[in-house]
Structure formats: C-alpha cells, structure tokens
Amino acid sequence: MADIGTEHSAAYHKEVPKKSFRGRLKQTWNHIKRDRQLLLLFLPCILFYVIFRYGPLYGLIIAFKDYSVFTGVLGSEWVGLEHFIKFFTNQDFWLLFRNTLLLGLYTLIFGFPFPIMLALLLNEVRTKWFKKSVQTFSYLPAFLSVVIISSMIIDFLSPNHGILNQMLAALGFEKKYFLVDPGWFRPIYVISEIWANAGYESIIYLAAIAGISPTLYEAAKVDGASRFHMIRHITLPGLFPTMLIMFILKTGSMIRVGYEKVLLLYNPMTYDVADVFSTYVYRKGLLESNYSYAAAVGLFEALVAMVMLLSANAISKRLGGNGLW
C-alpha cells in the first residue's frame, strides 16, 4: 500500500506542470487586483517601515567611517572596525553591558508574569462593574507618555513632598532620597515598567483566553473540577502558545532598554547602575557629536538584540514547537 501511494503521489506531481514565470506573475497580479482594498489599507504601514525603519539603515555605514558633516557619508574616511575596537577596549564597555543586561533581565523576569496573572484574575471576576473598573485603571498608564510617567515617579519619590516619603515620615521612618540612591534605581525602574505595561499587555492574554473553547470548561465542571484546576489544566495550556510568542518578543527587546525613562530618571549619582547602551549612544552622538562612535555602539546593541531574538525563537521552537517564524 505504501508503494502504491508513493507511486500515485509521484505520478501526480509529474502530471502537474510547473508554472512559468509569466504564469506566476499573472497569478500575483490577479491576487493584487482581488485584494487591492486591503493592500491600500496596508500601504501606510509599508511606507512607514520603508521610510523610518529601512531607509535609515543606509546611515549605518558611518559606524565604519570617520564621519564628518562637512564631507558627508560617502566622502568621509573609511576606518573599518576602529570604533568597535575602541568601544570594546573602553573601560565603560562592561559597565554598560552589565547595566543594560540586568535592567532588561529584571524587567523580563519580574514583568513577564504580571500581565498573565492580571489576565487570569480579570477572567475569573464575575462582577462586571468591578472588572471594568480594574481594567480601566490598569490600562490607563499605557496611554501616558514616558515623560508623564517619569514625572509622576519623581513627584511620588520626592524627599520633600513625595507621597511615599510623607507616608514614611508619618510612620516614624526617616525620609529617603530614592532617586539618588544607586541601590533603589533598578527596583524603581522595574516596578514602573510593570505598572506602565501590565494592563496593556494583559489585553493580549485576555483575547487568547477568549479563544479557548467553552466546552472544555463545561466538561471540567461536569467532572467536578474547581476553578483553580480549570486555570491550571485548561487556561494556562491554552495560553502557552501566546506566552511563548510574547516571551520571544520580550527577549529580543531585553537588551534594547529604552533610553527615555532611564534618561529622565538617572543622575550622576546613579550612573554606575543606570547608564545603558542607549543613554551612552545619546551622550556620545548628540551631546558630544561623535556620530561614528555612537553609530558603532548602536549597531553592536542591535546585533546583540538580534542574536538574542534568534536564540529565543530557536529555543521556543525546540521546547514547544511554536515560534515567530
């Protein structure tokens, strides 16, 4: 039977002629005409990535040149890997690498479970008004800019009129200069990231929960399963593919700690624990006008992020069979 099936399959593939280039081109054009409305809707997204993501990649060659604004990109002298070697031998390299990795790692470890737990809790709430109120308050920080969030953190932790220090004083404790103490910077950064993103990211998990078949829960109820057992044996396995995708995306962006919040919250007293690749690029590129060196640091950061993304995707496919591609 296996031989007959194999022969039949081979004969079928022989009978179906391969389409010529002209035929494939015609088929593609027919698909474009058929889906032209959808493609028009997608056009702004394509233009955005072409102009603001792929277009600027041309400027990366200044990382291998001694760039001067007077001679331009093509007219600047080629220096090869000189800026990369200078960066790797710089005493700040390992400090920046450690700070960037630790901030990203702490945010991933402590921040990744929160949206999942929030989504699970919201899914179990049966009182509609309470559920909607919690959702509104948890989603609200996602609509605030980084500048506003950072300003709120500075106000809350102010040693003079900050809410937290007022509470400490009322309880008889001494006021603390949280943003000046290097030991507090990383916890403040991670907690603020969780507060700002947990509500928004929980929407993805709530959507994934909504896609789980209700018949599974009904069958579990008939078998006498408790709500905890249903979460453990139905909801969490149903969320697992979504969790893997989100984990891959977060791992890829772990090394690329956003400079905005760090730049707004750090100060010379916390440089040793707060200075990351992004803020270093900002200082070297915009403040010191050392464009080629800053481009080299930024390119190194992007390459490390790409390696981490590829590694996370490969590990995810090996463990769970799911990946981004």
Side-chain angles (χ1 to χ4, degrees), residues 95-96 98-122 125 129-206 246 250 253-283 287:
L95 175 68
L96 295 169
R98 185 193 66 188
N99 291 342
T100 306
L101 186 64
L102 286 178
L103 275 180
L105 188 63
Y106 290 158
T107 304
L108 179 66
I109 293 173
F110 297 106
F112 183 73
F114 265 83
I116 301 171
M117 291 188 291
L118 180 60
L120 291 173
L121 291 172
L122 287 173
V125 173
W129 68 267
F130 181 75
K131 182 177 181 179
K132 290 182 178 179
S133 300
V134 173
Q135 284 178 315
T136 302
F137 283 110
S138 62
Y139 299 164
L140 185 61
F143 298 98
L144 303 177
S145 69
V146 178
V147 176
I148 294 174
I149 290 176
S150 300
S151 300
M152 293 172 66
I153 294 170
I154 293 170
D155 285 339
F156 289 159
L157 302 178
S158 171
N160 297 322
H161 54 272
I163 295 174
L164 191 56
N165 272 307
Q166 294 292 341
M167 292 173 62
L168 288 174
L171 293 172
F173 295 100
E174 210 175 296
K175 292 184 178 181
K176 288 183 176 291
Y177 291 80
F178 289 100
L179 293 176
V180 179
D181 187 350
W184 279 100
F185 182 84
R186 287 171 185 159
I188 290 169
Y189 180 88
V190 173
I191 292 170
S192 65
E193 282 289 295
I194 294 171
W195 172 67
N197 298 317
Y200 180 76
E201 291 176 2
S202 67
I203 299 174
I204 300 171
Y205 296 107
L206 284 170
M246 293 297 293
K250 281 188 167 291
S253 60
M254 185 177 71
I255 202 73
R256 309 207 71 178
V257 178
Y259 76 94
E260 298 95 341
K261 188 182 289 185
V262 176
L263 193 67
L264 291 166
L265 293 179
Y266 81 162
N267 55 72
M269 298 292 291
T270 57
Y271 275 172
D272 288 343
V273 296
D275 203 14
V276 294
F277 286 133
S278 301
T279 53
Y280 188 73
V281 169
Y282 170 79
R283 288 202 311 276
L287 300 184

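Remember, predicted model here, so these are calculated numbers, not experimental data.
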Taking all heavy atoms of [X] and all of [Y], pick out the closest pair and write down the distance.
{"X": "Phe110", "Y": "Ile194", "result": "O-CD1, 3.6 Å"}
{"X": "Lys131", "Y": "Leu122", "result": "CE-O, 3.1 Å"}
{"X": "Gln166", "Y": "Asn160", "result": "NE2-O, 2.9 Å"}
{"X": "Gly199", "Y": "Leu118", "result": "CA-CD2, 3.8 Å"}
{"X": "Leu101", "Y": "Met254", "result": "CD1-CE, 4.0 Å"}
{"X": "Ile188", "Y": "Ile153", "result": "CG2-CG2, 3.9 Å"}

Decide if atom [atom1] of [X] counts as having more than 12 heavy atoms of other residues, nucleotides or ligands within a radius under 6.0 Å.
{"X": "Met269", "atom1": "CE", "result": "no"}
{"X": "Trp184", "atom1": "CH2", "result": "no"}
{"X": "Phe130", "atom1": "CZ", "result": "no"}
{"X": "Lys176", "atom1": "NZ", "result": "no"}
{"X": "Lys175", "atom1": "NZ", "result": "yes"}

Does the side chain of [Y] come within less than 4.5 Å of [X]'s, by heavy atoms?
{"X": "Leu120", "Y": "Ile116", "value": "yes"}
{"X": "Thr270", "Y": "Val180", "value": "no"}
{"X": "Thr136", "Y": "Leu140", "value": "no"}
{"X": "Tyr282", "Y": "Leu287", "value": "yes"}

Quick one: [atom1] on [X] to [atom2] on [Y], what's the gap to the nearest 0.5 Å?
{"X": "Asp155", "Y": "Met152", "atom1": "CG", "atom2": "CE", "value": "8.5 Å"}
{"X": "Ile109", "Y": "Leu102", "atom1": "CD1", "atom2": "CG", "value": "9.5 Å"}
{"X": "Ile191", "Y": "Thr107", "atom1": "CD1", "atom2": "OG1", "value": "11.0 Å"}
{"X": "Phe156", "Y": "His161", "atom1": "CZ", "atom2": "NE2", "value": "10.5 Å"}
{"X": "Thr279", "Y": "Lys261", "atom1": "OG1", "atom2": "NZ", "value": "14.5 Å"}
{"X": "Trp195", "Y": "Leu144", "atom1": "CH2", "atom2": "CG", "value": "6.0 Å"}

Practice item. Test Ser202 against Phe114 for side chain to side chain contact (heavy atoms under 4.5 Å, CB included), laying out the working first. Key: CA-CA 8 Å; Ser202 67; Phe114 265 83; over 6 Å; no

Check your understanding: salt bridge (charged side-chain N to carboxylate O under 4.0 Å, His left out): which pairs involve residues 135-152, sequence neighbours left out?
Key -> none

Check your understanding: Do Thr100 side-chain atoms and Leu96 backbone N/O form a donor-acceptor pair below 3.5 Å?
Key -> yes

Review point. Within the distance-only criterion (no hydrogens, no angle test), does the side chain of Asn165 pair as donor or acceptor with the backbone N or O of Ser158 below 3.5 angstrom?
Key: yes

Review point. Should the ring pair Phe185 and Tyr189 be called parallel, tilted or perpendicular, given that the plane angle runs from 0 to 90° and is split at 30 and 60?
Key: parallel

**Study point:** Residues which pass side chain to side chain donor-acceptor pair (under 3.5 Å) with Asn197, listed by chain and number, not counting sequence neighbours
**Key:** Glu193

Check your understanding: Is there a side chain to side chain contact (heavy atoms under 4.5 Å, CB included) between Val262 and Ser278 once you walk through the steps?
Key -> CA-CA 9 Å; Val262 176; Ser278 301; over 6 Å; no

**Study point:** Ring-face cation of Arg283 near Tyr271 (centre distance under 6.0 Å, axis angle within 45°)
**Key:** yes

Exercise for review: Could you check Leu103 against Asn99 for side chain to side chain contact (heavy atoms under 4.5 Å, CB included), going step by step and ending with a plain yes or no?
Suggested key: CA-CA 6 Å; Leu103 275 180; Asn99 291 342; 5.6 Å; no

